[in-house]
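Each remark here refers to the structure printed beneath this line.
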Protein chains: 2
Amino acid sequence: MPPATTRSEPRTGSRRSRPQQVAEAIKDWVMERGLQPGDRLPSEAELIDRFAMAKGTIREALRILEAQGLVKSRTGPGGGVFVHQVSEDRAAALLGNYFYFQRLSIDDIYAVRAALEPELAASLAGKLNEGQLAALEGVVARYAEPARDAEEERVQHMDSLRFHALLAELSDNALLRFLIRFTANMLSEVTVTRQLYTPPNPELWESGRDYQARLLAALRSGAGDEARAIMAAHMRSAHRLMRAQEAAVTRRFLPEDGMI
Amino acid sequence: MPPATTRSEPRTGSRRSRPQQVAEAIKDWVMERGLQPGDRLPSEAELIDRFAMAKGTIREALRILEAQGLVKSRTGPGGGVFVHQVSEDRAAALLGNYFYFQRLSIDDIYAVRAALEPELAASLAGKLNEGQLAALEGVVARYAEPARDAEEERVQHMDSLRFHALLAELSDNALLRFLIRFTANMLSEVTVTRQLYTPPNPELWESGRDYQARLLAALRSGAGDEARAIMAAHMRSAHRLMRAQEAAVTRRFLPEDGMI
DNA sequence: CCCAATTTGTTCGTATGTATC
DNA sequence: AGATACATACGAACAAATTGG
C-alpha cells in the first residue's frame, strides 16, 4: 500500500483529524506487513481496541481508505475490511476530479494525446496476435458507414475513442495504458459537456476511418516507425478537425444577425 | 464538481452504502448549483435534516468527499463544509495509489517521459521571460559540481528531477503540467524504493548537466524544434544510463564469488 | 427454510473542542 | 472573558447482511 499522502508534521499540534490519522496509521500498518489485495484487516472491533477510539471514528477512517479505493468492506461472517487494488476506473475518476476545475482545452488534451498515442502505436507494431488485430478491426467496422444524424455520429465518435482505448489495453506499460485511456475519456467528456459534434462532420469520420485502417495494416506488418507516423498524422488531423468543429459550434451560439 | 464516479444501478437493490449514496447526492447537488471552491455546503445539521439520516452517516459521507479532496471542513462559527479545489498534490497521491500495485518499470516510466518532455520543451521555447529562465538556471547551478558521495548524488538526482518539475510548472497546459510532474515523481519513488543510484555515476551527472544547459539556451533563443530534439536526446541518454545503473545495482546483489 | 452467529452498517443522545464575535 | 455556532468525538443500542448448520 502506498505511503500516506503527506508526512510533514504540522507545527502546532496534530492538525489532522483523528480519522485521517487513523487512516494513515492503517495504511502504514498494511505497508509494513506487505499485505496484498485480498488480505484482511483487523475487524472494526479490533481497531477500536487498538486505537482506543470510538466506533464512529474508526469507521470514518475506513471510509477515507475506501474512498481512495484501497480497501473494501463486506458484512457477515468471513466479512471484514480487505485490502483492495485500486481499480483503473476509480483512479481515473479521482484524477478526473482534479481536472474538473482546471478547464482543459481541446488543445491541451490533444497536445498530450499527440505525444503519447504515436509511441503506443510504435510499441505495439508486430506484437499483436490475430485475435487482437481482429478485435480492433471489429471496432473499426462499427463505423464503416457515415453517420446519418447527430446521434449516430455521437455513437461513432464514442466508438472511435473506444478504438484508442482498446489499443492502449494491449500495451504492457501500465502507465502508458492508463494515460491514453484517461486522455481519451477526458476528451469525450469535454466534447460531451461542450456539446461538440453537433454539426455532423463527415470529414472527421472519413479521415478517422482511413487512418485507423492504415494503422492496422502497419501494426500487422510490424512496421513500427510507419505506425508511429500514421498515428501522429491521425492525431494532427483529428485535432484540426475538432478545432474546426469547436469553432463551428461557437459560431452557432453567436447572435444570428451578423458577426461581431 | 465532477459527476459521481459510477452511475450504473446495481441489479438487486442499492448495493452502495448510504454514506456513499449521500456523498454522490451531495456531489450532484453541488454540481447542479454550480458551486465553486470556497462556497459553503449546508451544515451537518441541515444535511441530517435533508437526507433524514443520522449524524454518523452524514459524517462518513463528508469524509468520503474530503478524502477525494473535494470538500474541506472547518470548525467554529462561520465554519462548516466548503467546496474545495482538488490540489495537485492530492491528485498525484491518489493516482499514485493506483500504480502502487502495478509494478512500473524504469522502461515504462521513461517511455512516457520520452514522449511528453520533448513536447513540453518545444512548447516553451521563446515563451519564457528572463526571471523564469534565471530560476531554471538557478536549479541547474545546484549540481554544477560532481557529487562526491552517494548521498550528494541522491540530492543532485532529486534536484535534477526538480528541474523538470519546474519546467512543467511553466506550461499553461494543466494536463501536460500534471503528467510531467507526476512521472518525474514516480521515477524518483521507483529509484528510491529500489535504491538506485547507489554506485555513484559521474557520467549521468555530466550528461544531464550538459543537456540541460543546451536546453536552456534553446529555450531562450526560441528554437522550438531544437529544444524538442535536445530534450529527446536527454531522455534517451538518461534512460540508458538509468538502465545501466539498474543493471549495476542488480549485479551488486549477486553472490560475490563469480558470475552466474 | 429457518435459525444462529458474526461482522459491518446505522441511529441517537451527549459531551468536547475550536474558532468567532 | 463569555456566549455562540459549528464540527468532532464518544458510547451504547439496534439493524442489516452474509454464512453455515
Can you check the [X] [atom1] to [N] [atom2] distance for me, whole Å?
X	N	atom1	atom2	answer
A:Leu62	C:dT7	CG	C1'	13 Å
A:Glu66	C:dT8	CD	P	12 Å
A:Glu60	C:dT8	CD	C1'	16 Å

Q. Base, sugar-phosphate, or nothing for A:Arg18, non-hydrogen atoms under 4.0 angstrom?
A.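 Answer is sugar-phosphate: A:Arg18 comes under 4.0 Å of backbone atoms only.
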
Q: Measure the spacing between CZ of A:Arg40 and CZ of A:Phe82 and express it to the nearest 0.5 Å.
A: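 Those atoms lie 5.5 Å apart.
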
Q | A:Arg63 CZ to A:Glu60 CD distance, which is reported to the nearest 0.5 Å | A |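 Rounded to the nearest 0.5 Å, the CZ-CD separation comes out at 10.0 Å.
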
Q: Output the residues of residues 51-58 of chain B in contact with DNA chain C, where contact means a heavy atom of the residue under 4.0 Å from an atom of the strand; sort by number or write none.
A: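 DNA chain C contact set from residues 51-58 of chain B: B:Met53, B:Ala54, B:Lys55, B:Thr57.
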
Q | Residues in contact with DNA chain C, drawn from residues 38-48 of chain B - heavy-atom cutoff 4.0 Å | A |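 Heavy-atom cutoff 4.0 Å gives no residues at all.
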
Q: List the atom of A:Asn173, the atom of B:Asp108, and the distance in Å for their closest heavy-atom pair.
A: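 Scanning both residues, the minimum pair turns out to be ND2-O, 3.0 Å.
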
Q | Ionic contact status for A:Glu169 with A:Arg177, cut-off 4.0 Å | A |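 Salt bridge between A:Arg177 and A:Glu169, a charged N being under 4.0 Å from a carboxylate O: no.
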
A side-chain contact here means heavy atoms from C-beta on lying under 4.5 Å apart; do [X] and [Y] qualify?
X	Y	value
B:Val140	B:Leu136	no
A:Leu94	B:Leu95	no
B:Val30	B:Val83	yes

Q | Face-on cation placement of A:Arg90 at B:Tyr98 ring, 6.0 Å and 45° thresholds | A |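 Because its charged atom misses either the 6.0 Å distance or the 45° angle limit, A:Arg90 does not stack over B:Tyr98.
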
Q) OP1, OP2 of C:dT10 versus side-chain N and O of A:Arg63: anything below 4.0 Å? A)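 Yes, within the criterion.
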
Q. For A:Arg16 and D:dT8, is the shortest distance between a side-chain N/O and OP1 or OP2 below 4.0 Å?
A.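 Answer no for this pair, as no side-chain N or O of A:Arg16 is under 4.0 Å from OP1 or OP2.
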
Q) Between the side chain of B:Glu119 and the main-chain N/O of B:Leu116, is any donor-acceptor distance below 3.5 Å? A)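 Between the backbone of B:Leu116 and the side chain of B:Glu119 there is no qualifying donor-acceptor contact (under 3.5 Å).
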
Q) Under 3.5 Å, is there a donor-acceptor pair between the side chain of A:Gln36 and the main chain of A:Gly34? A)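 Such a contact is found between A:Gln36 side chain and A:Gly34 backbone.
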
Under-3.5 Å N/O pairs linking protein and nucleotides 17-19 of chain D:
{"unit_1": "D:dA17", "atom_1": "O3'", "unit_2": "A:Thr75", "atom_2": "OG1", "d": "3.4"}

**Q.** Qualifying residue for side-chain hydrogen bond (donor to acceptor under 3.5 Å, both in side chains) with A:Ser73, from A:Glu66, A:His84, A:Arg59
**A.**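 It is A:Glu66; the other options fail the test.
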
